[in-house]
2 protein chains.
Amino acid sequence: MARARIVDPEEGPRSKRGAILVAAVERFGEDGYENTKWSEVADRVGIGQTALYHYFESKAHCLLTIMRLELQRSHDMFVEATAGETEPVEELRVAVRAAFAVSDQEIRQMRILQANMSLLANPRKSKREETERVAARQLVQMVERDWTSLLMRGMAKGAFPVRDAHTLGLGVLGMIVSVWRWYRPTGAIALPEISEMIEGCVVRMIAE
Amino acid sequence: MARARIVDPEEGPRSKRGAILVAAVERFGEDGYENTKWSEVADRVGIGQTALYHYFESKAHCLLTIMRLELQRSHDMFVEATAGETEPVEELRVAVRAAFAVSDQEIRQMRILQANMSLLANPRKSKREETERVAARQLVQMVERDWTSLLMRGMAKGAFPVRDAHTLGLGVLGMIVSVWRWYRPTGAIALPEISEMIEGCVVRMIAE
DNA sequence: AAACAACCTGAGTTCAGTTCAGTTTGACTG
DNA sequence: CAGTCAAACTGAACTGAACTCAGGTTGTTT
């Protein structure tokens with residue numbers, strides 16, 4: 001499985017593209033996209049603002065790239081986690097666990113993704129931005145299909161009661177991703193606890 | 001119950017405040033906040049752009065007002081719907097139904113609220129904006145408490161298995177509000193069907 | 001009809017994002 | 001090891017949408 005890494009090995013040795021993405025994830029993740037100046041990202045990387053345009057067409061293009069990479073990762077993790085599983089309830093469980101098995105940087109990326117999801121709705125004027133947007137949209141649909149097809153398989157096998165798999169899948173996904181809105185690593189409740197709680201909820205919701 | 005109306009009866013007869021809010025809800029709801037020009041709202045109301053500043057300190061102040069009003073409405077509806085109910089499972093059911101008993105304009109307001117939720121995280125520079133932000137934040141906490149205390153009452157009565165009511169409440173709320181990200185009145189599935197589906201999910205999640 | 005507050009406007013300002021017209025850097029070639 | 005080239009970068013200028021300012025208009029009240 002080719003993981004979606006923020007540092008692309010295809011780049012030249014002098015390239016700061018990866019460093020820009022890492023800095024942008026930090027800033028966008030902490031203060032939010034609108035709240036962070038594009039020039040602050042440049043400062044953090046240690047280059048002038050205009051050098052950013054050597055790597056990204058715009059601030060939005062950088063954001064869309066971050067979102068696309070995170071969606072790719074989410075999809076890949078889902079596929080990897082559920083690959084060997086044939087028992088529907090267990091497949092459901094590992095899928096939920098995979099969704100919460102993330103690093104601190106990935107938490108920030110999920111937060112950025114959730115906070116700016118609506119950016120994917122409207123077309124972009126520039127070509128490269130639009131390419132990233134369309135790719136991200138397709139990945140959103142792919143992740144949705146990951147969940148709905150898991151549910152449909154379980155229903156076909158008789159392990160889950162038959163219900164509208166699409167709406168149900170969106171509900172499960174909605175509950176899972178809503179965590180990234182409020183979860184902070186320094187908060188009162190730890191991620192493994194949340195993961196267990198949600199896992200139980202999802203199983204009761206789907207399998208009973 | 002004093003409902004949070006977009007047209008405030010306290011205003012002068014010449015005031016266009018309500019008309020601005022209605023126009024802003026339409027534009028922000030359809031194209032998104034960032035994607036709509038503040039001047040387009042003025043055009044729609046039929047006034048010059050600068051006249052907007054007679055009613056709102058800024059574009060963000062208008063958005064925050066819309067969000068606060070919608071949160072107030074959500075809270076009020078929850079309280080109104082669950083007021084007479086004593087049986088925990090039925091209380092849970094009516095709360096979910098109330099969350100989906102909304103007009104088309106309220107759907108747009110929910111969409112705006114969900115899409116711009118992260119705006120409530122960071123302080124605002126201007127005073128009136130900050131007042132609205134803090135009020136909105138408090139209402140978010142109030143709505144969260146509405147759900148968690150409903151769950152805690154049910155657990156205390158032995159109607160629901162005892163679990164972490166706060167995390168569980170946020171999960172339920174997350175699943176419900178995630179609907180406003182993708183639901184469109186013209187879509188393939190109708191709101192009453194979604195409402196029923198979610199109601200069932202929530203009951204299984206909580207009461208089993 | 002005078003006074004006044006609410007309501008509105010055109011011209012100008014600001015500032016983050018972006019473009020432009022080049023300059024520097026360093027890897028590779030002959 | 002000098003020359004070449006693309007990748008990487010820069011300071012100065014531009015853009016456009018949000019916003020400010022210094023007043024003008026409207027309608028209500030007494």
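Labels below follow one simple rule: chain letters A, B, ... track the order of the sequence lines, proteins then strands, and each chain is numbered from 1. Heavy atoms only: backbone and side chains are in, while hydrogens, waters and symmetry mates are out. In this text, all values refer to a predicted model and were calculated from it rather than measured experimentally.
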*Spacing of A:E40 atom CD relative to C:dC15 atom P, expressed in whole Å*: 15 Å

_Donor-acceptor pair between B:E129 and B:S58 side chains, under 3.5 angstrom_ = yes

*Whole Å only: how far is the CH2 atom of B:W38 from the P atom of D:dT20?*
12 Å

_For atom CG of A:L52 and atom P of C:dG17, their distance in whole Å_ = 10 Å

*Considering only D:dT10, D:dA8, C:dT18, which nucleotide approaches the side chain of A:R14 most closely?*
D:dA8

*Is any side-chain N or O of B:H54 closer than 4.0 Å to OP1 or OP2 of C:dC7?*
yes

*Do any N or O atoms from the side chain of B:S149 and from the backbone of B:R145 form a donor-acceptor pair under 3.5 angstrom?*
yes

*Nearest to the side chain of B:Q49, which nucleotide is it out of D:dT10, C:dT18, D:dC19?*
D:dC19

*According to a strict under-4.0 Å criterion, is B:K16 in side-chain N/O contact with OP1 or OP2 of C:dC8?*
yes

*With DNA chain D as reference, determine whether B:E57 or A:G46 sits nearer its 5' end, using the nearest nucleotide of each.*
A:G46

_Residue that, paired with A:E132, satisfies side chain to side chain donor-acceptor pair (under 3.5 Å) out of A:R124, A:K127, A:R68_ = A:R68

*Nearest-Å distance, NZ (A:K59) to P (C:dT18)?*
8 Å

*Could you tell me whether the side chain of A:Y33 and the main chain of A:A60 form a donor-acceptor pair under 3.5 Å?*
yes

*Parallel, tilted or perpendicular: rings of B:F100 and B:W180 (30°, 60°)*: tilted

*asked:* The side chain of A:A51 is closest to which nucleotide in this list: C:dT9, D:dA18, D:dT10?
replied: D:dT10

*Can you find an N or O donor on one side and an acceptor on the other, under 3.5 Å apart, linking the side chain of A:T50 with the base of D:dG11?*
yes

*Give the rounded distance in Å between these two atoms: CG of A:L63 and C1' of C:dT18.*
17 Å

*For A:D43 and C:dA16, give me the distance from atom CG to atom P, rounded to whole Å.*
12 Å

*Taking the side chain of A:S15 as heavy atoms from C-beta outward, which of D:dA8, C:dG17, D:dA18 is closest to it?*
D:dA8

*Which part of the nucleic acid does B:Y53 contact within heavy-atom distance under 4.0 Å: base, sugar-phosphate only, or nothing?*
base

*What is the distance from CZ of B:R128 to C1' of D:dC19, rounded to the nearest Å?*
14 Å

_A:N35 CG - C:dC15 P separation (whole Å)_ = 16 Å

